[in-house]
Amino acid sequence: MAHSPKITLVPGDITEQHVDAIVNAANSSLLGGGGVDGAIHRRGGPEILAECRALRAGHYGGGLPTGRAVATTAGRLPARWVVHTVGPVWSRDEDRSELLASCYRESLRIAAELGARTVAFPAVSAGVYGWPMEDAARIAVETVRSTQSAVEEVRFVLFDERAYQAFAERVHSS
Ligand code: AR6
């Protein structure tokens, strides 16, 4: 049954979430980085990177395009899958909102295809990629609310108080 997933907010570290799928704010190389990406590979162990390398050797030779998503094992994380998505770098001159919305839609599509019912998301693009937190929260919440999915719960996992507040205001304001 498709409906819009229930949204929950949790402060803390996404690598500690017991969910079916954890979404990674990756880069198009799929070969790791800082922020959430670094934490996921560190705690999930080498199996995740091995699958990412295999993806690069195969279908994603040119890297994963911005706005798209692909799944791997979750390795040692308390989840079944990691869904890697590539958020857009924030730009003052160009509106890349649709690409950020696409990260949420595509991640949910991939997660649902796998049979995931619970999916944890970080605030994609709102760290190293510089997206202003309030706007990142608006796009995240609006996109999930307007997406029909077999995923039952979307859990936004917010790493600091500012991120939590931005998401809470958005979830409770409408
Ligand atoms: N759990 C939950 N949220 C976290 C965690 C964590 N363990 N660690 C950081 N955050 P970022 P981006 C928050 O930079 O902006 C990487 O190098 C963080 O405070 O992880 O999409 C990739 O390889 C922020 O609010 O992702 C890419 O090159 C949010 O997660 C690039 O960074 C996203 O921050 C992607 O940048």
Side-chain angles (χ1 to χ4, degrees), residues 7-46 48-53 55-56 60 62-72 74-79 81-92 94-108 110-111 118-141 143-144 153-171:
I7 292 177
T8 54
L9 305 182
V10 174
D13 183 339
I14 201 166
T15 65
E16 292 170 4
Q17 300 301 311
H18 292 250
V19 285
D20 295 326
I22 289 175
V23 176
N24 181 19
N27 60 66
S28 73
S29 82
L30 291 176
L31 300 179
V36 181
D37 200 7
I40 284 176
H41 283 285
R42 238 182 349 265
R43 292 203 54 172
I48 301 175
L49 189 58
E51 279 195 27
C52 287
R53 286 193 201 284
L55 288 167
R56 286 300 308 277
Y60 294 101
L64 181 66
T66 305
R68 299 268 301 279
V70 69
T72 65
R76 299 197 282 257
L77 294 171
W81 303 282
V82 170
V83 174
H84 306 263
T85 192
V86 183
V89 175
W90 189 75
S91 163
R92 192 177 294 278
E94 192 186 8
D95 181 7
R96 298 177 179 165
S97 305
E98 190 44 42
L99 284 168
L100 185 53
S102 172
C103 288
Y104 289 95
R105 274 196 300 269
E106 284 294 292
S107 296
L108 284 173
I110 297 288
T118 52
V119 180
F121 278 94
V124 178
S125 288
V128 173
Y129 283 178
W131 209 285
M133 187 57 79
E134 284 67 28
D135 200 50
R138 175 186 67 79
I139 293 167
V141 171
T143 305
V144 171
E153 179 192 348
V154 162
R155 188 180 306 174
F156 290 113
V157 184
L158 292 324
F159 206 47
D160 56 34
E161 185 58 24
R162 218 184 107 242
Y164 189 88
Q165 284 309 327
F167 274 73
E169 270 169 35
R170 183 52 63 173
V171 167

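Predicted, not measured: the structure shown is a model, and the values here were computed from it. Counting convention: from 1, in listed order, for ligands and their atoms alike.
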> Can you tell if the side chain of R162 reaches within under 4.5 Å of the side chain of E134, non-hydrogen atoms only?
Replying inline: yes
>> Is any side-chain heavy atom of D13 closer than 4.5 Å to one of V157?
In response: no
> Which class fits the ring pair F156 and Y104: parallel under 30°, tilted 30 to 60°, perpendicular over 60°?
Replying inline: perpendicular
>> Does the plane of the ring in W90 sit parallel, tilted or perpendicular to the ring in W131? Use 30° and 60° as the thresholds.
In response: perpendicular
Considering only protein heavy atoms, which is closest to [atom], and at what distance to one decimal place?
atom	result
atom 14 (O) of ligand 1	V128 N, 2.8 Å
atom 20 (O) of ligand 1	V36 N, 2.8 Å
atom 17 (O) of ligand 1	G34 N, 2.7 Å
atom 15 (O) of ligand 1	G127 N, 2.8 Å
atom 3 (N) of ligand 1	F159 CB, 3.4 Å
atom 21 (O) of ligand 1	S125 N, 2.8 Å
atom 26 (O) of ligand 1	A25 CB, 3.6 Å
atom 2 (C) of ligand 1	I14 N, 3.6 Å

Rounded to the nearest 0.5 Å, what separates atom [atom1] in [X] from atom [atom2] in [Y]?
X	Y	atom1	atom2	result
N27	Y129	CG	OH	4.5 Å
E94	L99	CD	CG	8.0 Å
E98	I139	CD	CD1	9.0 Å
T143	L100	OG1	CG	7.0 Å
I7	F121	CD1	CZ	10.0 Å

>> My understanding is that only residues two or more places apart in sequence, or in another chain, count here; which of them pass side chain to side chain contact (heavy atoms under 4.5 Å, CB included) with V82?
In response: N24, I40, I48, T72, A74, L77, H84
Return yes when [X] approaches ligand 1 closer than 4.0 angstrom through a heavy atom, no otherwise.
X	answer
A126	yes
D13	yes
G130	no

I need the atoms of ligand 1 closer than 4.0 Å to a non-hydrogen atom of [X], numbered in the order shown.
X	result
D37	22 (C), 23 (O)
M133	25 (O)
G12	1 (N), 2 (C)
A123	29 (C), 33 (C)
G33	17 (O), 23 (O)
G35	8 (N), 20 (O)

>> Can you confirm whether some protein heavy atom lies under 4.0 Å from atom 29 (C) of ligand 1, or whether none does?
In response: yes
> Cut-off 3.5 Å, side chains only: do T85 and E106 have a donor facing an acceptor?
Replying inline: no
